[in-house]
Amino acid sequence: MTFADLGLSPKVLSAVTDAGYTQPTPIQAGAIPHALLGKDILGIAQTGTGKTASFVLPMLTRLEKGRARARMPRTLILEPTRELAAQVEENFIRYGKNHKLNIALLIGGVSFDEQDKKLERGADVLIATPGRLLDHRERGKLLLNGVEILVIDEADRMLDMGFIPDIERICEMIPFTRQTLFFSATMPPEITKLTEKFLHAPVRVEVSKAASAATNIIQRLVKSGSKPWDKRETLRNLMKAEDAELKNAIIFCNRKVEVSELFRSLLKYDFDAGALHGDMDQRARMQMLANFRDGKLRYLVASDVAARGLDIPDVSHVFNYDVPIHAEDYVHRIGRTGRAGRSGKSFTIATKTDTKYIDAIERLIGNKIEWHDGDLSTVVASEGEDDAPRRGKGAPRRAGRKDDDRKDRGERKRGGEHRAGRSEDVAPVVVAQQHEQLDVAETAVAENGERRARKDAIRSDNTERKSSDRNEQRAPERGDTRPQRDNSRPARQRHQEDNDSTVGFGDDMPAFMRIVAKV
Ligand code: AMP
């Protein structure tokens, strides 16, 4: 099947050809013809499957007739996070290059005024996070009774983030006669209920993982002492060892505090790194992401939430600085590499306290992960003898070791309380100390303007957010704090019992999973 068989308009087909796509993906082949006929769609698919184009392309074709009126958008796309919303906007710009459409993006963290102006002009396409959309509505700046097509994307993430009541409210504000395109990676009972309430005779298109997990990603576990400076040294050694093959890498940490600390440490060691986490302001996040995507940054230190669902093609390496506490996050993380059939490598730094999390990951993926250079037994033995081990027994001393030691000793001194462990309790102390660390790091790289800009961006992670964005007030991004993550567990677990085939992987289609379409 080709795109020409799907019924898309010539303008859309031309943009698709320019994007270099030759064949529709299964979700596109399954959804587009029905969407063009005005039918409701229930798409069960994750990011990475071509899901975005499966609704953007038919919407563009349908929008060719008619035009927008002030404050009355013609279509509405709801996304759970600002990054996903911005990504959908990029898709509209790319595929809509032959159309003259007004697109408005309503997300938190940016001023209302600009957004108001776009609404006033009349939006053909309105892309929004639920909280900001409702804020605009309550300010009387937005009328939803002209919406002809409603897209609810990543519905299961909306559920995790507590947005379902908002979604219900929004659905009730939009005319009953609308077309609804509804996407979710998984179908927990709450989501099924929502679809039963708001979809009319939907065409169900499901893209699920195959039973076997063939992999084009080389996965390795790497032993390390558990102190932060041990882990940082392990990471640096790995990065240096992989240098020849490494095009770019995402380095995942479990917590925002670790993202900040590791980012600063890497800058000190002259790695070309940026950072991405949920507390950075929106502009800084988007800029950081764009720099990474464009190859201006080689390393991106990120939290799970900041990186979820983002379309960053062609990442050669993933480093897990921390073993993820939730096994499915491992699948999301390593799924950032090896996309679109390319090969990739992932290294997970493991300490002796991580064994139960590793067991859970191996159970989930149904495979043992190989150790890169011997397992943890040597590290466990040496930690018993030495309060601050630097390497596994018998590991060779590296050249440049003294320099590394000196820099890390500095960090250790400043790191103070944080040495005690990974407990959330220590976070406030660490945050307070980061200002001091930042100053030191800033002096070290004062000549480099670009780096300084990056540090300015990360500085915002220590600043209380004052945004009126309801998304953030009500539901800080999933995964940024443990209590919130825990709240999301029951829904996910229930779902895992209900539906073996998708195992609650949330928003990403891991690249090593085959796509099977059931229409
Ligand atoms: P999505 O699932 O929408 O996040 O898309 C994942 C990636 O697949 C994006 O980088 C798209 O540009 C790309 N993509 C979408 N449709 C196709 C297609 N038919 N052929 C090749 N790549 C595609």
Side-chain angles (χ1 to χ4, degrees), residues 6-13 15 27-28 30-43 51-79 84-85 88-89 91-93 95-106 115 118-130 132-134 136-137 140-155 158 166-184 194-205:
L6 301 179
L8 293 164
S9 73
K11 281 184 188 172
V12 173
L13 284 177
I27 185 78
Q28 292 163 1
I32 290 173
H34 299 291
L36 286 170
L37 293 174
K39 292 194 177 149
D40 282 5
I41 303 281
L42 171 54
K51 158 176 75 85
T52 316
S54 81
F55 59 83
V56 172
L57 303 182
M59 284 174 80
L60 284 167
T61 298
R62 298 201 66 206
L63 281 166
E64 285 173 19
K65 287 194 192 114
R67 69 186 187 85
R69 283 185 282 166
R71 308 212 168 279
M72 291 182 71
R74 299 171 66 197
T75 63
L76 169 62
I77 298 145
L78 294 173
E79 293 288 338
L84 283 167
V88 170
E89 183 189 35
N91 272 259
F92 268 100
I93 292 168
Y95 306 131
K97 62 189 247 187
N98 303 317
H99 298 72
K100 282 198 185 113
L101 293 176
N102 288 333
I103 304 170
L105 184 64
L106 304 188
Q115 298 176 349
K118 288 203 167 166
L119 289 176
E120 181 64 49
R121 218 186 302 154
D124 297 289
V125 179
L126 178 59
I127 306 161
T129 49
R132 183 51 78 103
L133 182 96
L134 287 172
H136 275 280
R137 177 102 195 326
K141 304 283 185 179
L142 175 64
L143 296 166
L144 291 176
N145 45 353
V147 172
E148 299 154 30
I149 305 174
L150 168 67
V151 178
I152 299 169
D153 195 18
E154 306 264 343
M158 302 267 200
D166 285 352
I167 300 290
E168 290 190 308
R169 274 184 67 202
I170 294 166
C171 282
E172 279 157 8
M173 292 168 186
I174 300 177
F176 186 69
T177 50
R178 66 170 186 261
Q179 176 183 19
T180 308
L181 311 175
F182 189 102
F183 294 87
S184 190
L194 198 66
T195 61
E196 284 164 357
K197 192 166 169 194
F198 293 110
L199 297 184
H200 308 298
V203 176
R204 184 181 168 110
V205 184

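What's counted below: heavy atoms across the whole structure, side chains too, no hydrogens, waters or symmetry copies. Starting from 1, each residue takes its place in the sequence as its number. Being a predicted model, the structure only gives us computed values, none of them experimental.
Residues meeting the side chain to side chain donor-acceptor pair (under 3.5 Å) test with R137, sequence neighbours left out: none. Not a single side chain to side chain donor-acceptor pair (under 3.5 Å) links T195 to another residue, sequence neighbours left out. The salt bridge (Lys or Arg N to Asp or Glu O under 4.0 Å) search around E148 returns R74, not counting sequence neighbours. In this view, T61 satisfies the side chain to side chain donor-acceptor pair (under 3.5 Å) rule with no residue, not counting sequence neighbours. By the salt bridge (Lys or Arg N to Asp or Glu O under 4.0 Å) test, E64 pairs with no residue at all, sequence neighbours left out. With sequence neighbours excluded, no residue forms a salt bridge (Lys or Arg N to Asp or Glu O under 4.0 Å) with K100.
For the side-chain contact (heavy atoms from CB on, under 4.5 Å) with L126, the qualifying choice from I77, T75, V147, L142 is L142, the only one to do so.
With a 4.5 Å cut-off on side-chain heavy atoms, I152 and I170 do not count as touching. C171 has its side chain out of reach of T180: every pair of non-hydrogen atoms, C-beta onward, lies at least 4.5 Å apart.
E79 contributes no side-chain N or O that, together with a main-chain N or O of E154, makes up a donor-acceptor pair within less than 3.5 Å. Side chain of D124 to backbone of L101: no donor-acceptor contact under 3.5 angstrom is found.
Classification of the F55-F183 ring pair by plane angle, with boundaries at 30° and 60°, yields tilted.
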